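What follows is a set of notes on a single structure, which appears directly below.
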Amino acid sequence: MKEEVRVLIDEEKVAKRVKELAEQINRDYEGKKIHMICILKGSVFFTCELAKYIKVPVSMDFMSVSSYGDGLTSSGCITINQDLTMNIEGKEVLLVEDIVDSGRTLSYLAHMLQKRNPASLKICTLLDKPQCRVAEVESAYTGFEIEDLFVVGFGLDYAQRYRNLPYIGELIIKED
Ligand code: IMP
Ligand code: MG
């Protein structure tokens with residue numbers, strides 16, 4: 001089996017879009033503070049890049065969840081590997097995700113976090129595959145809508161590899 005990565009969204013386009021999202025967020029949160037929640041590991045690149053352009057005060061926390069295992073399809077079973085370290089009660093929470101696929105992960109997380117009484121809870125995702133949706137997710141900020149492809153790079157992995165690519169690429173697996 002051979003793996004190949006074909007560029008889908010190049011580095012420049014990703015960078016430009018991240019800045020646009022930050023500008024939108026800056027407008028919406030003017031006069032407020034943002035408590036960013038980064039969902040490890042996939043959204044770490046996106047969260048950090050986005051945070052660099054946010055002008056209102058930012059605090060950050062991290063949560064590690066798994067939903068995929070090492071394969072290409074969602075298991076539908078969400079495990080919290082590491083919970084938040086800070087209380088979110090009364091905070092303006094921005095949940096930052098790499099990609100919404102079936103929506104199961106974010107739907108589960110959003111419900112779980114809502115019970116902790118944040119002042120507000122919004123979702124920001126770099127990528128969205130709307131065709132694959134099974135569970136409802138309301139994303140306030142979306143970088144790019146993409147087709148039903150398996151993508152890697154800018155934090156997204158396949159079996160823990162390719163996260164470090166500076167662009168978003170389609171993973172193509174060829175039988176020998
Ligand atoms: P969902 O619960 O099906 O929406 O899955 C969301 C999670 O699955 C994301 O946070 C990613 O970690 C992973 N995922 C979904 N699609 C892809 C993909 O195309 N490439 C890499 N990871 C993906
Ligand atoms: Mg993820």
Side-chain angles (χ1 to χ4, degrees), residues 1-11 13-15 17-18 21 25 35-51 60-84 88 93-116 121-175:
M1 299 253 266
K2 271 193 193 144
E3 290 169 24
E4 197 183 292
V5 180
R6 192 183 294 156
V7 179
L8 186 69
I9 308 167
D10 67 29
E11 200 175 344
K13 282 202 188 111
V14 174
R17 189 68 188 124
V18 172
L21 290 174
I25 292 168
H35 188 63
M36 288 175 95
I37 295 180
C38 168
I39 304 167
L40 297 170
K41 303 170 192 157
S43 84
V44 75
F45 286 65
F46 177 44
T47 306
C48 295
E49 196 54 26
L50 186 68
M60 274 187 185
D61 205 353
F62 301 83
M63 185 173 222
S64 169
V65 304
S66 17
S67 56
Y68 249 59
D70 277 349
L72 293 168
T73 49
S74 173
S75 66
C77 169
I78 289 106
T79 317
I80 309 282
N81 304 318
Q82 185 194 302
D83 205 339
L84 300 172
I88 60 167
V93 172
L94 186 63
L95 194 52
V96 186
E97 178 61 307
D98 51 0
I99 188 163
V100 188
D101 185 13
S102 72
R104 287 192 186 103
T105 309
L106 277 187
S107 161
Y108 178 87
L109 281 183
H111 281 108
M112 186 187 115
L113 296 176
Q114 227 21 294
K115 289 188 197 140
R116 300 184 189 180
L121 176 68
K122 281 197 200 177
I123 290 170
C124 176
T125 184
L126 178 62
L127 302 168
D128 185 7
K129 294 194 225 177
Q131 290 169 19
C132 303
R133 197 75 82 255
V134 175
E136 204 186 317
V137 169
E138 206 183 306
S139 168
Y141 310 98
T142 301
F144 303 92
E145 285 195 356
I146 60 167
E147 304 283 305
D148 181 12
L149 306 169
F150 194 85
V151 289
V152 293
F154 209 75
L156 292 136
D157 74 306
Y158 171 59
Q160 299 303 326
R161 286 178 292 125
Y162 303 114
R163 291 192 200 276
N164 57 314
L165 296 178
Y167 53 86
I168 309 286
E170 177 189 358
L171 181 75
I172 297 153
I173 299 181
K174 291 179 180 162
E175 310 268 333

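Whatever order the structure lists ligands and atoms in, that order sets their numbers, starting from 1. Model, not experiment: these values are computed from the prediction.
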Note to self: Distance under 4.0 Å to a non-hydrogen atom of Thr105: what atoms of ligand 1 satisfy this?
What the structure shows: 1 (P), 2 (O), 5 (O), 6 (C)
Next item on the list: Would you mind running through ligand 1 and noting each atom that sits below 4.0 Å from a heavy atom of Gly103?
Entry: 1 (P), 3 (O), 4 (O)
Notebook entry, point to check: Out of Thr125, Val151, Val65, Leu106, who gets a non-hydrogen atom closest to atom 21 (C) of ligand 1?
Noted result: Val151
Check: Could you give the distance from CG (Asp83) to CZ (Phe62), rounded to the nearest 0.5 Å?
Finding: 14.0 Å
Checklist line | Check: Gly103 main-chain N/O paired with Arg133 side-chain donor or acceptor under 3.5 Å | finding: no
Margin query: Distance under 4.0 Å to a non-hydrogen atom of Lys129: what atoms of ligand 1 satisfy this?
Written below: 16 (N), 17 (C), 18 (C), 19 (O)
Next item on the list: On the 0 to 90° scale, with breaks at 30° and 60°, tag the Tyr158-Phe150 ring pair as parallel, tilted or perpendicular.
Entry: perpendicular
Item checked: Per-residue contact class, Leu171 against ligand 1 - non-hydrogen pairs under 4.0 Å -> neither
Item checked: Expected output: side-chain Thr47 to main-chain Cys38 donor-acceptor under 3.5 Å -> no
Check: Under 4.0 Å from ligand 1, counting heavy atoms only, is it the side chain of Leu156, its backbone, both or neither?
Finding: side chain
Margin query: Heavy atoms only, cut-off 4.0 Å: how does Ile39 contact ligand 1, side chain, backbone, both, or neither?
Written below: neither
Check: Is the closest side-chain donor-acceptor distance between Asp128 and Ser139 under 3.5 Å?
Finding: no
Note to self: Donor-acceptor pair, distance only, cut-off 3.5 Å: does the side chain of Lys174 make one with the backbone of Met1?
What the structure shows: no
Margin query: Regarding atom 9 (C) of ligand 1: of the candidates Val137, Asp128, Asp157, Ile99, which has the closest heavy atom?
Written below: Ile99
Check: Arg17 side chain to Leu126 main-chain N or O, any donor-acceptor pair under 3.5 Å?
Finding: no
Notebook entry, point to check: Of all the atoms in ligand 1, which lie at a distance below 4.0 Å from a heavy atom belonging to Leu149?
Noted result: 19 (O)
Next item on the list: Give the single entry among Phe150, Tyr162, Tyr158 that approaches atom 18 (C) of ligand 1 most closely by any heavy atom.
Entry: Phe150
